[in-house]
Novice: 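Take this structure first; my questions come after.
Scope of the values below: all heavy atoms of this structure, side chains included, with no hydrogens, waters or symmetry mates. None of these values were measured; they are calculated from a predicted model.
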Amino acid sequence: MAEENEPIEIAPKSNRILFCYFLVVLLLGLIAVGILLRTFDTAFVEKEKWEKVAESQKRPNRTILPGRGNIYSSDGKLMATSVPRYYTYIDFRADGFSVDTFLSSKVNGVDSLSVYLSRKFKNRTPAGYKAHLLRGLKSKSRQYPVYEGRASYTDLKEMKKYPFLRLSRYKSGFYTKEMVQRQKPFGTLASRTIGDIYGEIEAGGVTKGKNGLELQYDSLLRGEPGVSSVRRVGGGWTNVVEIEPVDGMDIRTTIDINIQDITEKSLVDMLKKIDAESGTAVVMEVATGEVKAITNMGRIREGAYAETKNHAVADEIEPGSTFKVASMMVALEDGICQPSDTVDVGKGIYMYKGARMTDHNMNKGGYGRISAEQAIWYSSNIGVAKIILKGYEKNPTKYVEGLYKLGLTIPLNLEIPGAGRAKIRMPNDTALYWSKTTLPWMSFGYETQIPPIYTLTFFNAIANGGKMVRPMFTKEIMHNGKTVQSFSTEVLKSSICSDNTLAIIKDMLLGVVEKGTGKAVHSDIIRIAGKTGTAQIASGGVYRTSGHQVAFCGYFPADEPKYSCIVVIRRPRIGYPSGGTMSGGVVKAIAEKVYASHMSFDVRDMERDSLAVILPAAKNGNLEALENVLDKLDVNVNTDSLETKWVVAKREDGEEELHLRDLAIREGLVPNVIGMGAKDAVFLLESAGLRVVLDGMGRVSAQSMGAGTRIAKGQSIRLTLK
């Protein structure tokens, strides 16, 4: 035992701690060195090995198709959108293709598949489909169509569940090729102007515009494709989007669907009536130049028409007599004539430099001596030609320069690819032959080429107080609902002529409709002004063998123009070719329908009609329906002592309220339905067991079985409505 004051020896505690720290640091250092060595080895020595491993954990990149932008009408109605479509094929030489399974009579064989395909597409019988598929097997084709048409996405999903096709891709050889189909919810309306796309998806994963606005704005509509890859993560495959696709921008056009519908129907009705080859109609808003309707209909078979070539913007044609307005405007501007100046057109035949010029009424003895304004009213070729010869025979260059000053040849730079341009030759142009008869024939619309849209632009300027504006087809470009770019009216020429000349020309255009060749265009509903045009179509330099082109170009309402319109019809086969009756008839129909549906007026500014009645005329019929209408019109009604739900409405002279009286309805007897509308009359009579035959429209004015006649079930009663 140690003595009390002897020290005890203990190992220093701090040394043990330091030793432990040393061991830990050494271990961590070794680990760090190992990690660095391994990292170096992986990054540099085994780089290719691990890159291959990484690649094995993902599948090839896939293109994500962008959505092609939509095209809308001016009021936001969808006019063109994209939907996927698929061509379906079988690769009969696929590595895992099972011939035995395909030929098997069991559920997954060709027999069962043929039944399903026949039932789905109805274009072949089951036996027909079986023969079709066996031909593919025999040919060992790598791209044999299952169904020759384009299948929708819904169709494709269904097909993948069919016998044999539901096997894996390698066993069945079934694969697809994706296409994009442009759908137009409004069918043919403005179809050629909206345009089309190529169905093939390009290598870059985008679609391509073919014509019309689809081509003009293709780079904006097509969008940018994205990229995705399928990678192996945690034992499963995951789709990873590496580059997001960017959908195409949307286009809002100036087209008004309702006006477009009115325009197309009016044109087609006339084309069928006169059995014409084709027709063009354009409606433009006067102040803005916005094209509200454009239709180009061509005969595709007897009695059937569809949108074909965009004649309105592409055709460089001789305008015919509508061009006389430009000639007269030049003459008035240069002081060559005044509206009241006279010119002798004789009996409608005039020889000039050995060439024969005629008026349309030469068979009726001609017009004799007429004024300059009458030359426009009656569309006299001789009258206009003599006025132009009087002023420019010795200096035709001045006349053509006058036409250029009107703005007729200003490039319109339309948004429609393939648009034509106005071509008016100059006398000193060595590239184009100027003959001794060119001047007079040019004065009434021959020997010059002007697309219909250019003619309309000129007439629109007349309606617009002389201001010429560029026709517009696009209002704005949008992306994700937000406006990216908007378009406003572009003025091409602030004034095409003097105010005095413009006023004279406008009076002449009104005179055409009210006194001249455009009388068929006159409307009791809306005042229309414009110019007719009838021209022979040249073929191989010969005019007399290729038919006629008839036209009318003008605007409405004549006093305060809102819309301008041109209609050109080619080669009518029924009726005498007439710009007033044929093309003018279409313009009249368009003007009246647009007036009824699109033009509003403040009734407070209108004078009260002296013949107007305070109370509206009311039909006899159902009490509840009648009371509802009269309440909306705020009309006082006397319903004293009413006991039935069927009434007779009467209005006493000088009174400001309607009197309703009970209409006696007795079972088994014919009721009195005179004075009722068709709806109420038919309901009452059929409820009584009668069969009703209607004749006419309006309210019932007579019934074939008198009121109170006993009814035999199944009897027929004829109602006359007026």
Novice: Show me the pairs that pass salt bridge (charged side-chain N to carboxylate O under 4.0 Å, His left out) and involve residues 151-161, at least two apart or across chains.
Specialist: K120-D155, K120-E158

Novice: Which residue pairs satisfy the salt bridge (charged side-chain N to carboxylate O under 4.0 Å, His left out) criterion with at least one member in residues 516-526, sequence neighbours excluded?
Specialist: none

Novice: To the closest 0.5 Å, what do you measure between CH2 (W646) and CG (D680)?
Specialist: 4.5 Å

Novice: Can you tell me if K130 has over 12 outside heavy atoms packed within less than 6.0 Å of its NZ?
Specialist: no

Novice: Taking T288 for the side chain and E290 for the main chain, is one N or O donor matched with an acceptor at less than 3.5 Å?
Specialist: yes

Novice: Check whether any side-chain N or O of S118 sits under 3.5 Å from a backbone N or O of R124 as a donor-acceptor pair, and report yes or no.
Specialist: yes

Novice: Does either side chain, that of T81 or that of Q183, offer a donor lying less than 3.5 Å from an acceptor on the other one?
Specialist: no

Novice: Take M472 and V291, measure what side chain to side chain contact (heavy atoms under 4.5 Å, CB included) needs, and give me the verdict at the end.
Specialist: CA-CA 6 Å; M472 291 174 57; V291 175; 5.9 Å; no

Novice: Can a donor-acceptor pair be found between the side chains of T295 and E307 at a distance below 3.5 Å?
Specialist: yes

Novice: Starting from the C-alpha separation in whole Å, work towards a yes-or-no answer on side chain to side chain contact (heavy atoms under 4.5 Å, CB included) for T253 and F473.
Specialist: CA-CA 6 Å; T253 70; F473 291 90; 5.9 Å; no

Novice: Among side-chain atoms of T280 and R570, is any donor-acceptor pair under 3.5 angstrom?
Specialist: yes

Novice: Restricting to salt bridge (Lys or Arg N to Asp or Glu O under 4.0 Å), what partner residues turn up for K588, sequence neighbours left out?
Specialist: none

Novice: Quick check: do S379 and K531 have side-chain heavy atoms less than 4.5 Å from each other?
Specialist: yes

Novice: Given 3.5 Å as the limit, does a donor-acceptor pair link the side chain of Q260 with the main chain of I294, or not?
Specialist: yes

Novice: Donor-acceptor pair, H132 side chain versus P145 backbone, under 3.5 Å?
Specialist: yes

Novice: So which pairs with a foot in residues 688-699 pass salt bridge (charged side-chain N to carboxylate O under 4.0 Å, His left out), sequence neighbours left out?
Specialist: none

Novice: Can you list everything that forms a ring-ring contact (aromatic ring centres under 6.0 Å, His included) with Y305? Sequence neighbours excluded, please.
Specialist: none

Novice: Atom CZ in R150, atom OG1 in T176: separation rounded to 0.5 Å?
Specialist: 13.5 Å

Novice: What residues, two or more places apart in sequence or in another chain, satisfy ring-ring contact (aromatic ring centres under 6.0 Å, His included) together with Y129?
Specialist: none

Novice: Treating N296 as the side-chain partner and A312 as the backbone partner, does any N or O pair qualify as donor plus acceptor under 3.5 Å?
Specialist: yes

Novice: Under the 3.5 angstrom rule, does the side chain of S701 hit a backbone N or O of T720 as a donor-acceptor pair?
Specialist: yes

Novice: According to side chain to side chain contact (heavy atoms under 4.5 Å, CB included), who are the partners of K515, at least two apart in sequence or on a separate chain?
Specialist: W377

Novice: Tell me, please, which residues at least two apart from D196 pass side-chain hydrogen bond (donor to acceptor under 3.5 Å, both in side chains).
Specialist: K184

Novice: Among residues at least two apart in sequence or on other chains, which ones pass ring-ring contact (aromatic ring centres under 6.0 Å, His included) with F186?
Specialist: none

Novice: Just to verify, what does F121 make a ring-ring contact (aromatic ring centres under 6.0 Å, His included) with, not counting sequence neighbours?
Specialist: Y147

Novice: Suppose we screen for side-chain hydrogen bond (donor to acceptor under 3.5 Å, both in side chains). Which residues come up paired with E214, at least two apart in sequence or across chains?
Specialist: R68, R182

Novice: Please determine whether side chain to side chain contact (heavy atoms under 4.5 Å, CB included) holds for the pair V313 and N310, giving the CA-CA distance in whole Å, both sets of side-chain angles, and the decisive distance to 0.1 Å.
Specialist: CA-CA 6 Å; V313 302; N310 199 331; 3.6 Å; yes

Novice: Would you say the side chain of C553 lies within less than 4.5 Å of the side chain of L456, judging by non-hydrogen atoms?
Specialist: yes

Novice: Return the set of residues passing side chain to side chain contact (heavy atoms under 4.5 Å, CB included) with D256 (not counting sequence neighbours), or none when no residue passes.
Specialist: S74, N258, I259, K292, H598

Novice: With side chains defined as the heavy atoms from C-beta onward, is the minimum distance between I255 and Y72 less than 4.5 Å?
Specialist: no

Novice: Does CD in E667 sit with more than 12 non-hydrogen atoms of other residues, nucleotides or ligands closer than 6.0 Å?
Specialist: no

